[in-house]
Every structure is written in structure tokens, then in C-alpha cells.
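Only one structure is covered here, and it is reproduced in the block below.
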Amino acid sequence: MDTLDYLFQGFGTALIWYNIAFAFVGVLIGTAVGVLPGIGPMSGVALLIPVTASITAGLPPEQAATSAIILLAGVYYGAMYGGSTTSILLNTPGESSSVVTTLDGYQMAKKGRAGSALSIAAIGSFVAGIVTLVALIMLAKPLSAVALKFGPAEYFSLMLLGLGAVSGLAGKSVTKALIMTICGLLLGTIGIDSVSGIARFTFDVPWLYQGIEFLTIAVGLFALGEVFKTILEKEEDEVKIAKINNLLPSKDEFKESAGPIARGSILGFFVGILPGAGATLASFFSYILEKKISKNPSKFGTGSIAGVAAPESANNAASGGAMIPLLTLGIPGSGTTAILMGALMMYNVQPGPLLFEDHPQVAWGLIASMFIGNIMLLVLNLPLVKVFAKIIQTPKQFLIPIIIAISIFGVYAVQVSTYDLLLLLGCGILGYFLSKNDYPIAPIVLGLVLGPMVENNLRRALTISNGDFSVFLTRPISLAFLLITLLWLIIPFLMKRRGKEVIINVEG
């Protein structure tokens, strides 16, 4: 079967009525998550994993995995759409990748052009989504074919690259990011060792034999951590929302934004493929590029439509691009894709080169649903902008109990353990203190997800080579991955020594 046949099968899966419903609910919740400042796609996806597990409980395993990942991916790229709303109307980014949109979006809103800015952001996001989907369809099978030739040594080095890339580019301190990654790796060693059968770090507590559950950690650190932050750091400032008048951009605005949308989509896609780069970096790069090539760079920051179109296209393209290493190599390129990877593994679906062979329904169903989801988002966002703007004004006293309830009921429904609820609470408190002290949280989740895979591939490689560690250096692809990992970790240190601050948040 060729790619088109698989794609048509994927549309057959995605167009089943309940999968359409899952895609719709996903993009709707995702937009709301993006609109609400502070929650972000990582918290949103983590929060909904237990909900999807409960909803899909009656379906066969393959169908349950497909439906769950369709909903969760919808939340992911829906949040990228929604993040622009608060940036433009409130000068408050809904999530980190929408920071750049505030520079011109809010200025446009103050000049009475909020409708134009929101519409161009939605159109740019839609175009970027379609561009990345076409690229994903074209690259998925070839990349999987290449990855199938990888041995344990190559996989071990590739996993290290995934860990090193996200850690080296997360937050204000590389050291703190690496500490968090190692904490995640250490948490991944708890439980019964799958090879020797020996209990590790369990302290004779039966609950720890199955290991620390990724879901509890993710929901606690992200969702409950944000709740504690909101409760303990009260923000009483009432921000006025800019009025939305005419929703449709003018012909000149369409013409002016066409180039930035195209360039932002392509640039964002390639930045998104890089592990650790993410949507935030893509939006910064695209904005800088537009300012460099503009005939009138001084208009940027004063309400330029190109300053909205480029970063909004780039951050959506990057979120689509990040799906490529996740699906084809089994390497999450960002914090959110690490959570998506953990969700797939909960359903016994291993992302990587064999995904398209072993689980074509899941892989192609997801790709087809992303196309349907992007159309839904465009249809939703343009007429419902004023409705989503109202979500921003949701009082925190209503929002916080809802998040707490979903977190507790969701984790308990999946784990059915009071110990997990205590761990959830502990992770929530820990998540608050970590973020308060600028310790990035995404690397912990990444370390927890990738840790067991790193260990298994290390063991397999050493078993094949009779304990000879040089196997990682004598195989060219493995050596290349190790060198890239080293550079990824060293370059931020060198830049810092030269007096440059490296601050890149891995959120997308």
C-alpha cells in the first residue's frame, strides 16, 4: 500500500462519528486552554489524559488509543490557536509561544483593529496547520524507513539527543534544566526492573512496584502546580479587554500578511522538527526574519499585521513539525509531545519507526484528524472570537475548583489508588515551588518518559557488543547523535560565558 491509500484509510478512521466528536471537543477545549492565561497546552493535555482514558474505556484497545490521541492532539494545536486571543486583546500571552504576538497584536487592538488581528492569526494558523500536515504525510514513511535501520546503539544516542536538546534549551538555567532531567530519569528507575526482576528504590512498598505513574506526575506538576500558583500569588489587577469591531481584515491586510504567513509556516515547521526547539523559538525566529526583510522595520511593534501573521503561523507550524520526530522516531520534541508520547504508551502504542507498521490506524487516523481539526478551528475561531474573549473573564474562584476536581477524579479513575492522590498533591506543591524558583518542569516529564527506553536500549546495545562501550562511537549514526547532543549542551554554556542570556521556554 502506498501513502495515499494509508491516508484514505486514516480519513476513514477520523471520519467515524465519535472520532469527529473527539476532534471537535479537543480543539474546543484546546482553544479555551490557550485563551486562559497560565494553563498552557502542557497542563491542558496532562489534565485531559485521565478524562480520555475514562471516556474510551469501552472501546477496543486500538480504537481507544486512536480516539484518545485525536482528542489530546486537538487540545495541543487548539491551544496554539487560542493563545493569540489573550495576546491581542489583553497583552497577556495565553502560553509562551504567543509572547511575540503581543508586540504588534495588542497595538493593533488599541487602534481598533483587534478583529483583523484575530482573523489573520486564525487564518495564518490554519495555513500553517495545512502546510505541516502535507509535510508530515510526505516525510512520515521515508523517515520511518530510515529509522527502521537503527539498532539499540542508535536509539540510545537518539534518546540522549532528545533529553539533551530539551534540557539544553529549557528555562533560564541549563544547569537547572539538567537537574530536572536527571530527577525525571531517577523517577523512571523506580519499580520492578523488567530484565532482572529486582525491585529498585521501592523500600518494600507494594504500591511502588509498578513504578511511578507518568500521568500522576504530569497532572500534579502542571495542572495542580498552576492552581497553587494562582491561589498563593493573587493577581487582583483587572485588565480591560480591547473591543472587537470589524472581524474581517481589509484587502491590503490580506496582501500584507500573505508573505509572512507562508514564510512563518515553512520556518516554523523546520524549527518544530528539531528536538527541544519548540513553538516559542519558532515564533521568535519568524518575527525577527520579517523585521529583517521588511522595507519598513520601524512599523514592527506599533501594530504591524505581519508582526501577528508570522509568529502565529510559525508557532502552529512548529507544533505540527514536533509531531514528526514523535511519530517517526519516538522522540518528543517538546514538553507537550512528551506528554502525548506518555499517553500513547499508556495504551500500549509505542511511537517510533514501527508505529506506521504496527499501528497504522492510530498513526494515519491522527494525521487525518489533524486536517479535520484545523478546518474545525478555522470555522470555530472566526465567528466565536467574541465568545472566547468572554472566557478570559472567567472568575478564578470558579476555574480553580473545576481544575482540582478534574485532576483528582481523573487520576483516581485511572489509577484507583489513594497513594496516587497523595503523590498528585505532593507534585502540585512541588510544581509550584519549582516554577517559582525557575526550575523548568518539562524535563522531568521527558526524563520519566524516556528514562526506561534509554536504559533498555543501553542494555541491548551492550549485550550485543559484549559490554564494549565503544559500540556507541564506532557506529556513525550513533556517533553523530552523541556529537549533536554534546554541542546542544555546550553551546548555551559558551554563549552564557560570552555574556549572552539563553532563555528559551520549552512549552509547545
Side-chain angles (χ1 to χ4, degrees), residues 33-50 75 79 83 86 92-97 99 166-167 170-187 212-237 280 334-336 338-339 342 394-412 415 418-449 503-508:
V33 161
V35 163
L36 290 164
I39 295 182
M42 275 196 288
S43 303
V45 173
L47 198 59
L48 282 167
I49 290 172
V75 175
T86 43
T92 307
E95 27 82 32
S96 65
S97 60
V99 169
V166 173
S167 307
K172 296 177 183 178
S173 166
V174 179
T175 311
K176 286 179 178 178
L178 287 171
I179 290 168
M180 291 294 96
T181 307
I182 289 163
C183 286
L185 289 171
L186 289 172
L187 286 173
I212 295 290
E213 179 55 46
F214 135 86
L215 171 68
T216 311
I217 299 286
V219 174
L221 289 176
F222 293 112
L224 278 193
E226 203 58 51
V227 163
F228 283 118
K229 185 179 178 183
T230 309
I231 293 168
L232 297 170
E233 297 177 12
K234 289 183 179 176
E235 294 171 14
E236 298 297 337
D237 306 337
T280 308
S334 66
T336 315
I339 292 169
T394 305
K396 288 192 170 72
Q397 62 262 36
F398 298 128
L399 195 62
I400 288 169
I402 292 168
I403 294 172
I404 293 171
I406 293 171
S407 301
I408 292 172
F409 289 129
V411 167
Y412 189 76
Q415 294 302 111
T418 49
Y419 291 109
D420 273 275
L421 294 183
L422 293 171
L423 179 62
L424 177 75
L425 184 64
C427 286
I429 296 165
L430 182 67
Y432 165 68
F433 283 109
L434 288 174
S435 60
K436 188 176 170 67
N437 292 289
D438 290 322
Y439 281 88
I441 299 169
I444 291 186
V445 176
L446 196 67
L448 185 60
V449 171
I503 304 171
I504 301 163
N505 288 316
V506 183
E507 299 290 342

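Computation of the quantities below employed the complete heavy-atom set of this structure, encompassing side-chain atoms and omitting hydrogens, waters and symmetry-equivalent molecules.
The heavy-atom pair separating V219 from P50 by the smallest distance is CG2-CD, 4.4 Å. Y412 approaches T418 most closely through the heavy-atom pair CE1-N, 4.2 Å. Residues K176 and D438 approach most closely at CD-O, 3.5 Å, considering heavy atoms. Closest of all the heavy-atom pairs between I441 and S435 is CD1-CB, 4.3 Å. In plain terms, the two heavy atoms of P41 and A79 that are nearest each other are CB-CB, 3.8 Å. Looking at every heavy atom in both residues, A177 comes nearest to P443 through O-CB, 3.7 Å.
At least one side-chain heavy atom of L423 sits less than 4.5 Å from a side-chain heavy atom of C427. Proximity of L430 to F228: side-chain heavy atoms (C-beta onward) are nowhere separated by under 4.5 Å. When side chains are defined from C-beta on, M180 counts as touching L434, because their heavy atoms get closer than 4.5 Å. Using a 4.5 Å heavy-atom threshold, the side chains of T216 and I212 count as separate.
Rounded to the nearest 0.5 angstrom, I444 CD1 and L186 CG are separated by 10.5 Å. For the atom pair CG (L448) and OG1 (T181), the distance works out to 12.0 Å, reported to the nearest 0.5 Å. Put simply, CG on L47 and CD1 on I402 are 10.5 Å apart, with the number rounded to the nearest 0.5 Å. Here the OG1-OH distance, from T175 to Y439, works out to 9.0 Å after rounding to the nearest 0.5 Å. A distance of 11.0 Å separates CG of L224 from CD1 of I400, quoted to the nearest 0.5 Å.
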